[in-house]
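These numbers were taken from a predicted model, which means no experiment stands behind them. Both counts, for ligands and for their atoms, begin at 1 and track the order of listing.
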Amino acid sequence: MTNPLNDENANPFEIAKKAAQEIAQKTGVESHDIALTLGSGWAKAADLIGETVAEIPGSEITGFSKPAVVGHVGTIRSIKLPNGKHALVIGARTHYYENHGVRAVVHSVRTAAATGAKTMILTNGAGGIKPEWAGGAAVLISDHINLTANSPLEGATFIDLTDLYSKRLRDLAREVDPSLDEGVYVQFRGPHYETPAEVQMAKTMGGHIVGMSTALEAIAAREAGMEILGMSLITNLAAGIQSTPLSHAEVLEAGRNAEARIGKLLSEIVAKL
Ligand code: 8IG
């Protein structure tokens with residue numbers, strides 16, 4: 001099936017609206033309040049935040065493509081929280097490195113906004129530049145540096161990115177866990193990890209976390225008017241910060257070891273929204 005997002009003349013917001021209508025129809029939930037994108041290590045949170053009302057393969061919704069990576073989940077779930085709110089959980093993230101274009105990368109965020117979500121929680125697995133984050137720390141994203149040289153915004157769309165990662169939501173997360181540290185997320189294109197020299201560059205620029213997602217999605221979420229909470233699970237220290245080579249197996253293992261802990265953390269944060 002060809003993805004309608006590939007048609008340059010199509011309107012990506014109309015496609016997101018269609019996707020949102022399909023989600024409403026397939027879940028029976030007319031609108032959602034909160035959306036979460038769960039990255040590496042975070043999938044468990046979906047089971048902890050509430051009761052799953054419906055689960056749909058991403059491939060059944062307009063504009064979504066199949067996940068490219070082992071360890072990533074390709075479903076969209078509607079979850080009812082204990083407080084009665086509805087959360088849309090997106091396991092079907094499209095990464096920039098998949099080369100489906102930036103519209104595909106942010107389609108889930110635009111769809112979430114079209115379902116009515118006012119809060120966007122973006123999570124990821126990432127590399128840490130601060131050595132004290134070794135061993136699977138969960139950290140709040142305070143800001144980002146977008147090194148993709150791309151933007152999800154089209155045309156002369158000027159969007160303010162001050163307080164992109166809401167201070168209010170970071171403070172709320174720290175009510176759940178006062179020890180949560182925060183840092184600046186640097187989105188690289190990937191899929192290769194950085195060289196140690198690139199990690200030093202990111203550090204010099206003011207970065208603390210290196211990854212391959214989230215920044216482009218956050219920009220689209222802001223364009224859509226959502227309030228954003230960003231969180232990274234530090235599954236590895238960045239290249240050259242840790243002395244051993246990086247491996248996807250290490251990343252998956254760190255995720256497994258952390259999933260119960262960060263799932264509980266995220267569910268407690270969501271309960272406060
Ligand atoms: I998990 O060290 C994970 N994702 N760019 N660098 C980048 N992405 C990552 C890393 C990392 N770890």
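Distances below 4.0 Å separate heavy atoms of Asn236 from the following atoms of ligand 1: 1 (I), 2 (O), 3 (C), 10 (C), 11 (C), 12 (N). Which parts of ligand 1 touch Ala126 is read off a 4.0 Å heavy-atom cut-off, strictly below it: atoms 1 (I), 3 (C), 4 (N), 10 (C), 12 (N). Atoms of ligand 1 found under 4.0 Å from any heavy atom of Leu246, numbered from 1 in the order shown, are 2 (O). The distance from ligand 1 to the heavy atoms of Val251 drops below 4.0 Å at these ligand atoms: 1 (I). Numbered from 1 in the order shown, with element, the atoms of ligand 1 that lie under 4.0 Å from a heavy atom of Thr235 read 1 (I).
Residues Thr52 and Arg77 bring a donor and an acceptor atom of their side chains to less than 3.5 Å of each other. Glu194 and Gln200 share no side-chain donor-acceptor pair at under 3.5 Å. Using modelled atom types and a 3.5 Å distance limit, the side chains of His32 and Ser78 yield a donor-acceptor pair.
Looking only at protein heavy atoms, the nearest one to atom 11 (C) of ligand 1 is Tyr193 CD2, 3.5 Å. Nearest non-hydrogen protein atom to atom 4 (N) of ligand 1 is Gly125 O, 3.6 Å.
When the heavy atoms of Met212, His95, Glu194 are ranked by distance to atom 5 (N) of ligand 1, first place goes to Glu194.
For the pair Glu182 and Arg170, the salt-bridge criterion is met [side-chain N within less than 4.0 Å of a carboxylate O].
Shortest non-hydrogen contact noted between Gly136 and Leu233 is O-CD1, 3.4 Å. Leu140 and Ala173 get closest at one heavy-atom pair: CD2-CB, 3.7 Å. The nearest pair of heavy atoms linking Leu5 to Gly63 is CD1-O, 3.5 Å.
Residue contacts with ligand 1 leave out Ser40, since none of its heavy atoms falls under 4.0 Å from the ligand.
Contact annotation: for Val210 versus ligand 1, heavy atoms closer than 4.0 Å belong to both the backbone and the side chain.
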